[in-house]
Amino acid sequence: MNLNEIKDLMAQFDQSSLKEFSYKNGTDELVFSKNEVKFISETSPAPQPAVSVTESTLAPQTPTTTPAVEVVSESGASESEAEGDLVESPLVGVAYLAAGPDKPNFVSVGDTVKKGQTLVIIEAMKVMNEIPAPKDGVVTEILVENEEMVEFGKGLVRIK
């Protein structure tokens, strides 16, 4: 099953009156749900995604700890490792760094954020989901581009 077929299924599911839909075929498994997602505190198990897509050929599993990657900033300086805690995507969707095309980004590298402040919005099935900062801190890295498709568990922002 390719990405376009999955997007078509998501659109059809969104327009239907179904609350949940699941499909399984060999290594492919799709689960769609229109039920509410509740965010759970840090001491509880990880939240379940509202929509999850699992296909071994489409999205290989990524480890939860990211390896050190050499990043060259615009000034040409290299950073061997970014510091801070990773804020991961709780669902599959499209990430937006600002409230609109003519609006400023919610956060930039170096910004101080407060717990609960919106970092990114993820659109899933025409619903805009605000992703809040889990703690007070400073944004050390933004790991997604505006309008980038993100998977469940993908790193969005790093806060120190």
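Remember, it's a predicted structure, so these values are computed and weren't measured experimentally.
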**Q** Working to the nearest 0.5 Å, report the span between NZ of K115 and NZ of K135.
**A** 11.0 Å
**Q** Rounded to the nearest 0.5 Å, what separation is found between the CZ atom of R158 and the CG atom of D85?
**A** 8.5 Å
**Q** Grab the two heavy atoms, one from E130 and one from I121, that are nearest each other, plus how far apart they are.
**A** CG-CG1, 4.1 Å
**Q** For the OG1 atom of T118 and the OH atom of Y96, what is their distance to the nearest 0.5 Å?
**A** 16.0 Å
**Q** Hydrophobic clustering (ILVMFWY, side-chain heavy atoms < 4.5 Å, transitive) - are V138 and V109 grouped together?
**A** no
**Q** Let me confirm one number: the NZ-CD distance from K126 to Q15, rounded to the nearest 0.5 Å.
**A** 6.0 Å
**Q** Identify the two heavy atoms, one from V150 and one from A95, that lie closest to each other, and give their separation to 0.1 Å.
**A** CG1-CB, 3.9 Å
**Q** Roughly how far, to the nearest 0.5 Å, is CD1 of I142 from CD1 of I159?
**A** 10.0 Å
**Q** Here's a test for you: under side-chain contact (heavy atoms from CB on, under 4.5 Å), which of E148, M149, E88 qualifies with K154?
**A** E148
**Q** Measure across S89 and E151 and return the closest heavy-atom pair with its distance rounded to 0.1 Å.
**A** CB-O, 3.4 Å
**Q** Any idea which heavy atoms bring G155 and L143 closest together, and the distance?
**A** O-CB, 3.5 Å
**Q** I need the minimum non-hydrogen distance between A98 and K103, along with the two atoms involved.
**A** CB-O, 3.6 Å
**Q** To the nearest 0.5 Å, what is the distance between CD (E147) and CG (L97)?
**A** 9.5 Å
**Q** Where do P132 and G116 come nearest, in terms of heavy atoms and distance?
**A** CB-O, 3.7 Å
**Q** Test side chain to side chain contact (heavy atoms under 4.5 Å, CB included) on I122 and L156; report intermediate values, then the result.
**A** CA-CA 10 Å; I122 297 181; L156 302 171; 4.0 Å; yes
